[in-house]
There are 2 protein chains.
Amino acid sequence: MKNRIIDAAEKRFSQYGFRRVTMDDIASDLGISKKTLYLHFKSKGDIAWAVKERMHRDIDKLLQRAKREIPGPIERFKKVIAEVTSRVSVMGSAFMTDIKKEIPDLWRECEEFREREIYEYIGGILKEGVKKGKIRKDIDTKIAVMSYLGAIRMIIQPEILMKNQFSIEDAFNNILKIFLEGIQK
Amino acid sequence: MKNRIIDAAEKRFSQYGFRRVTMDDIASDLGISKKTLYLHFKSKGDIAWAVKERMHRDIDKLLQRAKREIPGPIERFKKVIAEVTSRVSVMGSAFMTDIKKEIPDLWRECEEFREREIYEYIGGILKEGVKKGKIRKDIDTKIAVMSYLGAIRMIIQPEILMKNQFSIEDAFNNILKIFLEGIQK
DNA sequence: CTCAAGGAAACTATTTAAGTTTTTTTAGTT
DNA sequence: AACTAAAAAAACTTAAATAGTTTCCTTGAG
(Lines give C-alpha, C1' and ligand atoms only; values in the text may rest on other atoms or scores of the structure.)
Protein backbone atom coordinates (compact mmCIF):
# COMPACT_ATOMS: atom_id res chain seq x y z
CA MET A 1 0.00 0.00 0.00
CA LYS A 2 2.82 2.36 0.75
CA ASN A 3 4.08 1.95 -2.75
CA ARG A 4 0.68 2.61 -4.24
CA ILE A 5 0.50 5.82 -2.29
CA ILE A 6 3.93 6.82 -3.48
CA ASP A 7 2.93 6.04 -7.06
CA ALA A 8 -0.19 8.14 -6.87
CA ALA A 9 1.59 10.99 -5.18
CA GLU A 10 4.46 10.95 -7.62
CA LYS A 11 2.07 11.18 -10.49
CA ARG A 12 0.19 14.10 -9.01
CA PHE A 13 3.24 15.97 -7.77
CA SER A 14 4.90 15.68 -11.13
CA GLN A 15 1.95 17.23 -12.82
CA TYR A 16 0.71 19.78 -10.34
CA GLY A 17 3.52 20.40 -7.90
CA PHE A 18 3.35 19.93 -4.16
CA ARG A 19 1.08 22.59 -2.92
CA ARG A 20 -1.68 22.21 -5.41
CA VAL A 21 -2.05 18.53 -4.63
CA THR A 22 -4.20 17.79 -1.61
CA MET A 23 -4.29 14.73 0.54
CA ASP A 24 -7.89 14.39 -0.58
CA ASP A 25 -6.68 14.20 -4.19
CA ILE A 26 -4.25 11.41 -3.45
CA ALA A 27 -6.72 9.47 -1.34
CA SER A 28 -9.37 9.83 -4.00
CA ASP A 29 -7.03 8.67 -6.73
CA LEU A 30 -6.42 5.53 -4.74
CA GLY A 31 -9.99 4.97 -3.70
CA ILE A 32 -9.10 5.11 -0.05
CA SER A 33 -10.00 7.49 2.72
CA LYS A 34 -7.72 10.14 4.11
CA LYS A 35 -7.83 8.19 7.32
CA THR A 36 -6.26 5.21 5.67
CA LEU A 37 -3.72 7.39 3.98
CA TYR A 38 -2.66 8.68 7.37
CA LEU A 39 -2.27 5.12 8.60
CA HIS A 40 0.67 4.82 6.28
CA PHE A 41 2.23 8.26 6.28
CA LYS A 42 2.30 10.80 9.05
CA SER A 43 2.02 13.82 6.82
CA LYS A 44 1.95 15.13 3.31
CA GLY A 45 5.59 16.08 3.65
CA ASP A 46 6.48 12.51 4.56
CA ILE A 47 4.91 11.37 1.35
CA ALA A 48 7.00 13.84 -0.58
CA TRP A 49 10.13 12.51 1.07
CA ALA A 50 9.12 8.98 0.26
CA VAL A 51 8.52 9.90 -3.38
CA LYS A 52 11.95 11.46 -3.59
CA GLU A 53 13.70 8.59 -1.91
CA ARG A 54 12.20 5.89 -3.99
CA MET A 55 12.83 7.79 -7.15
CA HIS A 56 16.41 8.43 -6.33
CA ARG A 57 16.95 4.79 -5.55
CA ASP A 58 15.39 3.70 -8.79
CA ILE A 59 17.34 6.12 -10.87
CA ASP A 60 20.60 5.27 -9.19
CA LYS A 61 19.98 1.64 -9.97
CA LEU A 62 19.17 2.43 -13.52
CA LEU A 63 22.24 4.54 -14.05
CA GLN A 64 24.51 1.92 -12.52
CA ARG A 65 23.07 -0.75 -14.73
CA ALA A 66 23.42 1.32 -17.84
CA LYS A 67 27.01 2.03 -17.01
CA ARG A 68 27.74 -1.66 -16.73
CA GLU A 69 25.81 -2.91 -19.69
CA ILE A 70 26.02 -0.36 -22.43
CA PRO A 71 29.39 0.75 -23.80
CA GLY A 72 28.54 3.27 -26.48
CA PRO A 73 27.54 6.78 -25.54
CA ILE A 74 24.66 7.13 -27.97
CA GLU A 75 23.08 3.83 -27.08
CA ARG A 76 23.63 4.41 -23.43
CA PHE A 77 22.17 7.84 -23.68
CA LYS A 78 19.13 6.53 -25.47
CA LYS A 79 18.54 3.90 -22.88
CA VAL A 80 19.06 6.16 -19.93
CA ILE A 81 17.11 9.09 -21.24
CA ALA A 82 14.09 7.01 -22.09
CA GLU A 83 13.86 5.62 -18.60
CA VAL A 84 14.95 8.56 -16.55
CA THR A 85 12.76 11.17 -18.11
CA SER A 86 9.59 9.42 -17.28
CA ARG A 87 10.60 9.60 -13.68
CA VAL A 88 12.19 12.96 -13.13
CA SER A 89 9.40 15.16 -14.23
CA VAL A 90 8.42 15.28 -10.57
CA MET A 91 11.43 17.50 -10.23
CA GLY A 92 9.95 19.94 -12.65
CA SER A 93 9.47 23.48 -11.63
CA ALA A 94 6.15 23.55 -9.82
CA PHE A 95 7.08 20.79 -7.40
CA MET A 96 10.51 22.25 -6.84
CA THR A 97 9.20 25.76 -6.41
CA ASP A 98 6.72 24.53 -3.84
CA ILE A 99 9.09 22.44 -1.77
CA LYS A 100 11.74 25.06 -1.87
CA LYS A 101 9.39 27.08 0.27
CA GLU A 102 7.70 24.41 2.25
CA ILE A 103 10.29 21.65 2.76
CA PRO A 104 13.65 23.31 2.10
CA ASP A 105 15.71 20.28 3.12
CA LEU A 106 13.91 18.12 0.63
CA TRP A 107 14.41 20.74 -2.02
CA ARG A 108 18.13 20.84 -1.36
CA GLU A 109 18.46 17.10 -1.68
CA CYS A 110 16.48 17.05 -4.88
CA GLU A 111 18.61 19.84 -6.31
CA GLU A 112 21.78 18.01 -5.51
CA PHE A 113 20.46 14.82 -6.93
CA ARG A 114 19.33 16.53 -10.06
CA GLU A 115 22.62 18.27 -10.51
CA ARG A 116 24.73 15.22 -9.83
CA GLU A 117 22.84 12.34 -11.30
CA ILE A 118 20.91 13.90 -14.07
CA TYR A 119 22.87 16.75 -15.49
CA GLU A 120 26.36 15.58 -14.66
CA TYR A 121 25.88 11.91 -15.23
CA ILE A 122 23.81 12.18 -18.35
CA GLY A 123 25.68 15.23 -19.51
CA GLY A 124 28.77 13.10 -19.01
CA ILE A 125 27.49 10.53 -21.46
CA LEU A 126 27.11 13.31 -23.96
CA LYS A 127 30.58 14.60 -23.28
CA GLU A 128 31.90 11.15 -23.94
CA GLY A 129 30.04 11.24 -27.19
CA VAL A 130 31.66 14.54 -28.01
CA LYS A 131 35.06 13.00 -27.36
CA LYS A 132 34.34 10.05 -29.55
CA GLY A 133 33.24 12.35 -32.27
CA LYS A 134 29.69 11.16 -32.28
CA ILE A 135 28.12 14.27 -30.88
CA ARG A 136 28.53 17.85 -31.95
CA LYS A 137 30.93 19.83 -29.91
CA ASP A 138 29.28 23.16 -30.48
CA ILE A 139 26.46 22.60 -28.05
CA ASP A 140 26.41 22.75 -24.31
CA THR A 141 25.72 19.29 -22.97
CA LYS A 142 23.82 20.56 -20.00
CA ILE A 143 21.55 22.67 -22.12
CA ALA A 144 21.05 19.64 -24.29
CA VAL A 145 19.89 17.51 -21.40
CA MET A 146 17.70 20.23 -20.01
CA SER A 147 16.14 20.84 -23.38
CA TYR A 148 15.21 17.24 -23.69
CA LEU A 149 13.75 17.14 -20.21
CA GLY A 150 11.82 20.31 -20.88
CA ALA A 151 10.35 18.88 -24.03
CA ILE A 152 9.33 15.71 -22.26
CA ARG A 153 7.79 17.62 -19.47
CA MET A 154 5.80 19.72 -21.87
CA ILE A 155 4.34 16.87 -23.80
CA ILE A 156 4.19 13.78 -21.69
CA GLN A 157 1.16 14.78 -19.71
CA PRO A 158 -2.12 12.94 -19.75
CA GLU A 159 -4.19 15.91 -20.91
CA ILE A 160 -1.88 16.86 -23.71
CA LEU A 161 -1.50 13.33 -24.96
CA MET A 162 -5.21 12.77 -24.86
CA LYS A 163 -6.19 16.05 -26.42
CA ASN A 164 -3.82 15.64 -29.32
CA GLN A 165 -4.19 11.92 -29.60
CA PHE A 166 -0.52 11.22 -29.24
CA SER A 167 0.37 7.87 -27.89
CA ILE A 168 3.06 8.01 -25.25
CA GLU A 169 5.30 5.95 -27.43
CA ASP A 170 4.89 8.09 -30.50
CA ALA A 171 5.46 11.21 -28.52
CA PHE A 172 8.59 9.85 -26.92
CA ASN A 173 9.91 8.65 -30.22
CA ASN A 174 9.24 11.93 -31.96
CA ILE A 175 10.95 13.92 -29.29
CA LEU A 176 13.88 11.59 -29.12
CA LYS A 177 14.28 11.65 -32.87
CA ILE A 178 14.41 15.40 -33.07
CA PHE A 179 16.74 15.55 -30.20
CA LEU A 180 19.17 12.86 -31.28
CA GLU A 181 19.32 14.24 -34.76
CA GLY A 182 19.98 17.61 -33.27
CA ILE A 183 22.95 16.58 -31.19
CA GLN A 184 24.67 14.03 -33.40
CA LYS A 185 27.29 14.80 -35.90
CA MET B 1 2.07 52.38 -15.24
CA LYS B 2 -0.48 49.90 -16.48
CA ASN B 3 2.09 48.48 -18.82
CA ARG B 4 4.67 48.18 -16.11
CA ILE B 5 2.22 46.24 -14.04
CA ILE B 6 1.46 43.97 -16.93
CA ASP B 7 5.17 43.44 -17.53
CA ALA B 8 5.81 42.52 -13.93
CA ALA B 9 2.82 40.27 -13.74
CA GLU B 10 3.65 38.51 -16.98
CA LYS B 11 7.09 37.76 -15.73
CA ARG B 12 5.87 36.34 -12.47
CA PHE B 13 2.96 34.42 -13.91
CA SER B 14 5.17 32.83 -16.49
CA GLN B 15 7.51 31.57 -13.86
CA TYR B 16 5.26 30.71 -10.98
CA GLY B 17 1.76 30.44 -12.34
CA PHE B 18 -1.24 32.44 -11.24
CA ARG B 19 -2.01 31.24 -7.80
CA ARG B 20 1.43 31.29 -6.36
CA VAL B 21 1.93 34.90 -7.36
CA THR B 22 0.48 37.37 -4.89
CA MET B 23 -0.48 40.95 -5.39
CA ASP B 24 2.14 41.73 -2.77
CA ASP B 25 4.75 40.07 -5.03
CA ILE B 26 3.81 42.16 -8.02
CA ALA B 27 3.62 45.39 -6.04
CA SER B 28 6.96 44.67 -4.46
CA ASP B 29 8.59 43.93 -7.81
CA LEU B 30 7.45 47.32 -9.00
CA GLY B 31 8.30 49.17 -5.82
CA ILE B 32 4.75 50.32 -5.37
CA SER B 33 2.15 49.63 -2.74
CA LYS B 34 -0.78 47.31 -3.17
CA LYS B 35 -2.96 50.35 -2.87
CA THR B 36 -1.42 51.86 -5.95
CA LEU B 37 -1.69 48.57 -7.78
CA TYR B 38 -5.41 48.58 -7.11
CA LEU B 39 -5.67 52.08 -8.48
CA HIS B 40 -4.90 50.58 -11.88
CA PHE B 41 -6.54 47.19 -11.81
CA LYS B 42 -9.62 46.11 -9.97
CA SER B 43 -8.39 42.65 -9.20
CA LYS B 44 -5.71 40.07 -9.70
CA GLY B 45 -7.86 38.42 -12.29
CA ASP B 46 -8.08 41.65 -14.24
CA ILE B 47 -4.32 41.74 -14.38
CA ALA B 48 -4.26 38.23 -15.75
CA TRP B 49 -6.72 39.25 -18.46
CA ALA B 50 -4.61 42.25 -19.31
CA VAL B 51 -1.49 40.10 -19.56
CA LYS B 52 -3.25 37.74 -21.92
CA GLU B 53 -4.71 40.48 -24.06
CA ARG B 54 -1.52 42.36 -24.55
CA MET B 55 0.39 39.24 -25.30
CA HIS B 56 -2.08 38.05 -27.84
CA ARG B 57 -2.00 41.41 -29.55
CA ASP B 58 1.76 41.43 -29.68
CA ILE B 59 2.05 37.92 -31.01
CA ASP B 60 -0.62 38.50 -33.61
CA LYS B 61 1.30 41.49 -34.83
CA LEU B 62 4.49 39.55 -34.94
CA LEU B 63 3.01 36.67 -36.84
CA GLN B 64 1.40 38.97 -39.39
CA ARG B 65 4.65 40.75 -39.98
CA ALA B 66 6.61 37.57 -40.37
CA LYS B 67 4.11 36.33 -42.89
CA ARG B 68 4.53 39.46 -44.96
CA GLU B 69 8.26 39.83 -44.76
CA ILE B 70 9.82 36.41 -44.73
CA PRO B 71 9.20 33.99 -47.54
CA GLY B 72 11.21 30.91 -46.61
CA PRO B 73 9.88 28.52 -43.99
CA ILE B 74 13.15 27.99 -42.17
CA GLU B 75 13.98 31.64 -41.92
CA ARG B 76 10.43 32.52 -41.00
CA PHE B 77 10.39 29.83 -38.41
CA LYS B 78 13.61 31.05 -36.90
CA LYS B 79 12.38 34.58 -36.72
CA VAL B 80 9.02 33.70 -35.30
CA ILE B 81 10.20 31.14 -32.83
CA ALA B 82 12.82 33.40 -31.37
CA GLU B 83 10.32 36.12 -30.68
CA VAL B 84 7.30 34.12 -29.74
CA THR B 85 8.88 31.79 -27.28
CA SER B 86 10.07 34.50 -25.01
CA ARG B 87 6.48 35.56 -24.69
CA VAL B 88 4.38 32.44 -24.51
CA SER B 89 5.97 30.80 -21.53
CA VAL B 90 3.23 32.47 -19.52
CA MET B 91 1.02 29.87 -21.06
CA GLY B 92 3.10 27.14 -19.52
CA SER B 93 1.44 24.61 -17.33
CA ALA B 94 1.36 26.19 -13.91
CA PHE B 95 -0.38 29.34 -15.07
CA MET B 96 -2.76 27.41 -17.23
CA THR B 97 -3.52 24.87 -14.52
CA ASP B 98 -4.26 27.67 -12.11
CA ILE B 99 -6.51 29.74 -14.35
CA LYS B 100 -8.33 26.69 -15.56
CA LYS B 101 -9.65 26.45 -12.03
CA GLU B 102 -9.86 30.06 -11.10
CA ILE B 103 -10.70 31.95 -14.28
CA PRO B 104 -12.05 29.36 -16.68
CA ASP B 105 -13.02 31.85 -19.36
CA LEU B 106 -9.52 33.19 -19.50
CA TRP B 107 -8.19 29.67 -19.70
CA ARG B 108 -10.44 28.86 -22.61
CA GLU B 109 -9.31 31.90 -24.53
CA CYS B 110 -5.66 31.15 -23.88
CA GLU B 111 -6.15 27.57 -24.97
CA GLU B 112 -7.74 28.65 -28.20
CA PHE B 113 -5.08 31.19 -28.84
CA ARG B 114 -2.35 28.71 -28.16
CA GLU B 115 -3.91 26.12 -30.38
CA ARG B 116 -4.58 28.49 -33.22
CA GLU B 117 -1.72 30.89 -33.26
CA ILE B 118 1.09 28.91 -31.84
CA TYR B 119 0.65 25.33 -32.76
CA GLU B 120 -1.27 25.72 -35.97
CA TYR B 121 0.41 28.81 -37.26
CA ILE B 122 3.92 27.85 -36.35
CA GLY B 123 3.29 24.21 -37.02
CA GLY B 124 2.07 25.41 -40.40
CA ILE B 125 5.41 26.96 -41.13
CA LEU B 126 6.98 23.63 -40.42
CA LYS B 127 4.52 21.86 -42.64
CA GLU B 128 5.43 24.21 -45.41
CA GLY B 129 9.01 23.28 -44.80
CA VAL B 130 8.08 19.63 -45.07
CA LYS B 131 6.45 20.32 -48.41
CA LYS B 132 9.45 22.16 -49.69
CA GLY B 133 11.63 19.32 -48.62
CA LYS B 134 13.53 21.34 -46.07
CA ILE B 135 12.18 19.66 -43.01
CA ARG B 136 11.92 16.00 -42.21
CA LYS B 137 8.60 14.44 -42.80
CA ASP B 138 8.91 11.78 -40.17
CA ILE B 139 8.21 14.05 -37.22
CA ASP B 140 4.98 15.47 -35.97
CA THR B 141 5.12 19.22 -36.40
CA LYS B 142 3.05 19.90 -33.34
CA ILE B 143 5.29 17.78 -31.17
CA ALA B 144 8.20 19.63 -32.67
CA VAL B 145 6.83 23.01 -31.70
CA MET B 146 5.85 21.83 -28.26
CA SER B 147 9.26 20.30 -27.71
CA TYR B 148 10.92 23.55 -28.50
CA LEU B 149 8.62 25.49 -26.23
CA GLY B 150 9.19 22.98 -23.46
CA ALA B 151 12.91 23.30 -23.77
CA ILE B 152 12.72 27.06 -23.68
CA ARG B 153 10.50 27.00 -20.70
CA MET B 154 12.85 24.72 -18.88
CA ILE B 155 15.92 26.77 -19.42
CA ILE B 156 15.03 30.38 -19.92
CA GLN B 157 14.40 31.16 -16.29
CA PRO B 158 16.39 33.63 -14.26
CA GLU B 159 17.49 31.16 -11.61
CA ILE B 160 18.60 28.53 -14.06
CA LEU B 161 20.46 30.97 -16.23
CA MET B 162 22.17 32.50 -13.27
CA LYS B 163 23.04 29.28 -11.56
CA ASN B 164 24.59 27.78 -14.63
CA GLN B 165 26.00 30.98 -15.98
CA PHE B 166 24.27 30.75 -19.30
CA SER B 167 23.64 33.99 -21.05
CA ILE B 168 20.15 34.23 -22.47
CA GLU B 169 21.57 34.51 -25.91
CA ASP B 170 23.81 31.48 -25.63
CA ALA B 171 21.02 29.43 -24.19
CA PHE B 172 18.60 30.42 -26.92
CA ASN B 173 21.18 29.74 -29.58
CA ASN B 174 22.09 26.35 -28.18
CA ILE B 175 18.49 25.27 -27.99
CA LEU B 176 17.70 26.56 -31.42
CA LYS B 177 20.71 24.86 -32.87
CA ILE B 178 19.79 21.47 -31.50
CA PHE B 179 16.26 21.92 -32.56
CA LEU B 180 16.87 23.13 -36.07
CA GLU B 181 19.38 20.42 -36.69
CA GLY B 182 16.89 17.95 -35.42
CA ILE B 183 14.10 18.92 -37.74
CA GLN B 184 15.90 19.73 -40.94
CA LYS B 185 16.67 17.30 -43.67
C1' DC C 1 -25.97 -11.22 14.04
C1' DT C 2 -21.58 -8.96 15.61
C1' DC C 3 -17.49 -6.62 14.91
C1' DA C 4 -13.45 -4.59 12.84
C1' DA C 5 -11.76 -2.06 9.16
C1' DG C 6 -12.06 1.37 6.09
C1' DG C 7 -14.67 4.86 3.28
C1' DA C 8 -17.22 9.12 3.52
C1' DA C 9 -18.34 13.04 5.73
C1' DA C 10 -17.86 16.43 9.03
C1' DC C 11 -14.98 18.95 11.90
C1' DT C 12 -11.05 21.87 13.94
C1' DA C 13 -7.31 24.65 13.47
C1' DT C 14 -4.22 26.95 10.77
C1' DT C 15 -2.56 29.27 6.91
C1' DT C 16 -2.78 32.12 3.08
C1' DA C 17 -3.82 35.88 0.39
C1' DA C 18 -7.34 39.10 -1.91
C1' DG C 19 -8.93 43.23 -1.12
C1' DT C 20 -9.51 47.32 2.23
C1' DT C 21 -8.20 50.67 5.62
C1' DT C 22 -5.01 53.10 8.53
C1' DT C 23 -0.59 54.90 9.54
C1' DT C 24 3.69 56.62 8.09
C1' DT C 25 6.72 58.62 4.88
C1' DT C 26 8.03 61.42 1.15
C1' DA C 27 8.27 65.11 -1.93
C1' DG C 28 6.72 69.38 -3.43
C1' DT C 29 4.99 73.97 -2.46
C1' DT C 30 4.54 78.04 0.04
C1' DA D 1 9.76 75.57 8.70
C1' DA D 2 4.94 74.19 8.02
C1' DC D 3 1.56 72.14 5.29
C1' DT D 4 -0.46 68.97 2.03
C1' DA D 5 -1.30 65.37 -1.19
C1' DA D 6 0.14 61.14 -2.80
C1' DA D 7 2.01 56.90 -2.21
C1' DA D 8 4.45 53.34 0.49
C1' DA D 9 4.16 50.42 4.35
C1' DA D 10 1.71 48.22 7.60
C1' DA D 11 -2.19 46.50 9.60
C1' DC D 12 -6.59 44.71 9.12
C1' DT D 13 -10.87 42.03 7.59
C1' DT D 14 -12.71 38.39 5.26
C1' DA D 15 -12.99 34.35 2.82
C1' DA D 16 -11.15 30.28 1.08
C1' DA D 17 -8.45 26.35 1.26
C1' DT D 18 -6.45 22.43 3.27
C1' DA D 19 -3.72 19.54 6.74
C1' DG D 20 -4.83 16.64 10.03
C1' DT D 21 -8.50 14.65 13.22
C1' DT D 22 -12.80 12.67 14.56
C1' DT D 23 -17.28 10.79 13.87
C1' DC D 24 -20.62 8.40 11.26
C1' DC D 25 -21.77 4.96 7.99
C1' DT D 26 -20.96 0.89 5.21
C1' DT D 27 -19.08 -3.41 4.14
C1' DG D 28 -17.38 -7.90 4.49
C1' DA D 29 -15.88 -11.70 7.23
C1' DG D 30 -16.79 -14.93 10.70
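Chain A is the first sequence line, chain B the second, and so forth, proteins listed ahead of strands; every chain is numbered from 1. For the numbers below, each heavy atom of this structure counts, side chains included, while hydrogens, waters and symmetry mates do not.
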Engineer: Return whichever of B:K101 or B:L37 has its heavy-atom-nearest nucleotide of DNA chain D closer to the 5' end.
Structural biologist: B:L37

Engineer: Take A:F77 and A:F179 through the test ring-ring contact (aromatic ring centres under 6.0 Å, His included) and record every step on the way to the result.
Structural biologist: CA-CA 11 Å; A:F77 178 79; A:F179 184 76; 5.8 Å; yes

Engineer: By nearest heavy atom, map A:K35 and B:M23 onto DNA chain C; which one lands nearer the 5' end?
Structural biologist: A:K35

Engineer: When the distance from NZ of A:K34 to P of D:dC25 is rounded to whole Å, what number comes out?
Structural biologist: 19 Å

Engineer: From D:dA7, C:dT20, C:dG6, pick the nucleotide closest to the side chain of B:T36?
Structural biologist: D:dA7

Engineer: Between A:F41 and A:K2, is there a cation-pi geometry (under 6.0 Å to ring centre, at most 45° from the normal)?
Structural biologist: yes

Engineer: Could you state the CG-P distance from B:L39 to C:dG19, rounded to the nearest angstrom?
Structural biologist: 14 Å

Engineer: Atom CZ of B:R20 and atom P of D:dT18: how far apart are they, to the nearest Å?
Structural biologist: 12 Å

Engineer: Is the shortest side-chain N/O distance from A:R19 to OP1 or OP2 of C:dA17 below 4.0 Å?
Structural biologist: yes

Engineer: Could you give me the CA-CA distance, side-chain angles and deciding distance for A:K134 and A:E128, then say whether salt bridge (Lys or Arg N to Asp or Glu O under 4.0 Å) is met?
Structural biologist: CA-CA 9 Å; A:K134 302 226 192 208; A:E128 197 181 323; over 6 Å; no

Engineer: Specify the separation, in whole Å, of atom NE2 of A:H40 and atom P of D:dA19.
Structural biologist: 18 Å

Engineer: A:E102 has an atom CD; how far is it from atom P of D:dA19, in whole Å?
Structural biologist: 10 Å

Engineer: Please give, in whole Å, the distance from D:dA19 C1' to A:D46 CG?
Structural biologist: 13 Å

Engineer: CZ of B:F18 versus C1' of C:dT16: gap in Å, rounded?
Structural biologist: 15 Å

Engineer: Would you say B:N164 and A:K142 make side-chain contact, with heavy atoms under 4.5 Å?
Structural biologist: yes

Engineer: Send over the distance from B:K44 NZ to C:dA17 P, rounded to a whole Å.
Structural biologist: 8 Å

Engineer: Using the side-chain heavy atoms of A:T22, tell me which of these nucleotides is nearest: D:dA9, D:dA19, C:dG7.
Structural biologist: D:dA19

